[in-house]
2 protein chains.
Amino acid sequence: MKNSFRRITKRKLSRSIIANAGLELVKDKGFDSLTMKALADKLNVTPMAIYRHVSDKSDLINSVLDAFVCDVDVCNHEISNLDWKEWLRATYTNMYTSLKGMPSLHPYLGNAPRFGPNAMEVLSKILSVLRTAGFNQQQTINATSSLTGFMIGCSIMDTAFHQSLSKSQQNLYIPSTIDSGLDHIFTALSLELEANNKTKVVS
Amino acid sequence: MKNSFRRITKRKLSRSIIANAGLELVKDKGFDSLTMKALADKLNVTPMAIYRHVSDKSDLINSVLDAFVCDVDVCNHEISNLDWKEWLRATYTNMYTSLKGMPSLHPYLGNAPRFGPNAMEVLSKILSVLRTAGFNQQQTINATSSLTGFMIGCSIMDTAFHQSLSKSQQNLYIPSTIDSGLDHIFTALSLELEANNKTKVVS
DNA sequence: ACCTGAACACCGTTCAAGT
DNA sequence: ACCTGAACACCGTTCAAGT
């Protein structure tokens with residue numbers, strides 16, 4: 001009785017509760033609003049209470065980013081039903097769309113964030129899809145780097161491009177979707193895979 | 001006499017002097033060291049003197065970024081001597097190498113920076129090379145977006161990837177150069193161009 | 001173990017004042 | 001026109017103290 005009471009009243013905070021509250025804050029009021037004080041107010045605690053669960057602000061940001069990855073759930077489509085290309089297209093398009101919808105997170109991406117557990121899970125799924133498709137280890141790393149780099153850069157660039165053009169240029173600019181770039185990469189990856197299969201038959 | 005005296009003693013500051021001092025500060029002491037106070041100390045003025053030439057901190061950052069673009073001079077190779085692919089490869093490799101060498105600038109890239117005059121000059125050169133090569137307007141925009149997005153994303157990712165792997169994984173990880181990704185994109189662009197030329201011949 | 005309260009050094013930015 | 005000096009609200013973070 002006494003124990004269950006303490007279990008309820010204590011431990012109001014946890015790393016994941018903090019991360020999700022932080023994500024909500026960024027969602028609602030943007031990048032700059034994620035401060036220790038604002039987050040503490042949202043959680044009805046003192047700013048210092050947060051430091052019991054995250055080591056510092058950059059640790060907080062990393063866990064918010066990982067909460068975001070978990071939230072958008074980019075890999076919710078079945079692997080088995082699609083070939084590698086379609087699966088990757090769906091996955092990266094999901095990521096891209098999610099990121100574009102949340103430009104407040106962009107500033108964090110440049111800060112060499114550490115991949116959290118959720119991001120790592122997505123990453124390992126991508127790697128395994130590529131390996132299963134027939135790419136060797138180095139090709140898999142290169143492909144993942146190309147795709148991920150392109151997806152992130154593209155979502156950042158689209159925003160930057162648009163802001164940089166003068167008023168008169170803005171109606172000229174048709175924002176590029178991520179599709180054409182993915183087409184570029186997939187075309188090249190397919191060729192790479194064909195070459196792999198040929199040398200396999202020969203040897 | 002009096003006028004020339006005033007011209008020398010006054011106007012110690014200018015937008016470009018401030019931008020270059022800011023760039024030096026970031027170069028030497030990293031991202032976090034670019035504060036109004038530190039910059040003012042470097043220039044031997046009061047923090048407030050800077051506000052006469054830049055409107056606020058984000059304006060300062062944009063001008064520092066543009067000073068960086070000017071500094072690295074990515075387009076110093078001749079257009080005429082190379083075909084479009086080689087010229088673009090050289091340009092984007094230059095940018096990538098410069099950015100990798102200055103991770104302190106990465107955080108700014110996520111902040112949807114406004115392209116300054118120097119960046120705009122580079123951008124227009126790239127666009128013109130693609131148009132001259134035979135791409136239509138939409139293809140040119142798509143290609144530029146692919147290449148630039150990939151280049152930026154790749155330099156950010158490489159750093160993030162490396163930091164995220166555990167110690168035991170780190171020796172497994174071979175950092176992907178930008179080359180393979182550019183290969184991917186160029187392969188696809190070449191196919192696109194071939195298709196363009198075919199339809200031209202037909203019509 | 002978990003949270004609070006007071007304090008610290010620093011940040012960007014404002015305003016009125018000097019020359 | 002260009003720069004200074006003092007002040008303001010806010011930031012992340014520390015430390016010792018409470019329960």
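Note: hydrogens, waters and symmetry copies are ignored here, and every other heavy atom, side chains too, is used.
Residues B:T91 and B:H77 bring a donor and an acceptor atom of their side chains to less than 3.5 Å of each other.
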Dump the pairs, protein N or O against N or O of nucleotides 13-16 of chain C, anything under 3.5 Å, distances to one decimal.
{"unit_1": "C:dT13", "atom_1": "OP2", "unit_2": "B:Y51", "atom_2": "OH", "d": "2.7"}
{"unit_1": "C:dT13", "atom_1": "OP2", "unit_2": "B:K57", "atom_2": "N", "d": "3.0"}
{"unit_1": "C:dT13", "atom_1": "O5'", "unit_2": "B:Y51", "atom_2": "OH", "d": "3.3"}

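Taking atom CD1 of residue A:I50 and atom C1' of nucleotide C:dC2, one finds them 14 Å apart after rounding to whole Å. In this structure, the CD1 atom of B:I17 is 14 Å from the C1' atom of D:dC2, given to the nearest Å. B:I18 places its CD1 atom 8 Å from the P atom of D:dC3, with the value rounded to the nearest Å. Taking atom NZ of residue A:K37 and atom C1' of nucleotide C:dG5, one finds them 13 Å apart after rounding to whole Å. Atom CZ of B:R52 and atom P of C:dG18 are 16 Å apart (whole Å). Look at NZ on A:K12: it is 10 Å from C1' on C:dT4, rounded to the nearest Å. Rounded to an integer number of Å, the gap from CG of B:L34 to C1' of C:dC10 is 15 Å. Distance A:L43 CG to C:dC2 P: 16 Å, rounded to the nearest Å.
Dashed line: the shortest gap from a side-chain N or O of A:T46 to OP1 or OP2 of C:dC3 is not under 4.0 Å. A sub-4.0 Å separation between OP1 or OP2 of D:dC2 and a side-chain N or O of B:H53 is absent.
Legend: residues meeting ring-ring contact (aromatic ring centres under 6.0 Å, His included) with B:Y92, ordered by chain and number and at least two apart, are absent. Under the ring-ring contact (aromatic ring centres under 6.0 Å, His included) criterion, B:Y108 pairs with B:F31, not counting sequence neighbours. Applying the side chain to side chain contact (heavy atoms under 4.5 Å, CB included) criterion to A:N44, with sequence neighbours excluded, gives no partner residue. Residues forming a side chain to side chain contact (heavy atoms under 4.5 Å, CB included) with B:N136 (at least two apart in sequence, or on another chain): B:Q138, B:Q139.
With hydrogens and angles disregarded, no donor-acceptor distance shorter than 3.5 Å links the side chain of A:N111 to the backbone of B:P107.
A salt bridge links A:R15 with A:D59: the distance from a Lys NZ or Arg NE/NH1/NH2 to an Asp or Glu carboxylate oxygen falls below 4.0 Å. Ion pair A:K27/A:D71 flagged as a salt bridge, since at least one NZ, NE, NH1 or NH2 atom sits closer than 4.0 Å to an Asp/Glu carboxylate oxygen.
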Q. How does DNA chain D read in dot-bracket, base by base from 5' to 3', with Watson-Crick or G-U pairs under 3.5 Å and | used when the partner is on another strand?
A. ||.|||||...|||||.||
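Of the options A:L99, A:N118, A:V26, a side chain to side chain contact (heavy atoms under 4.5 Å, CB included) to A:F68 is made by A:L99 and by none of the others.
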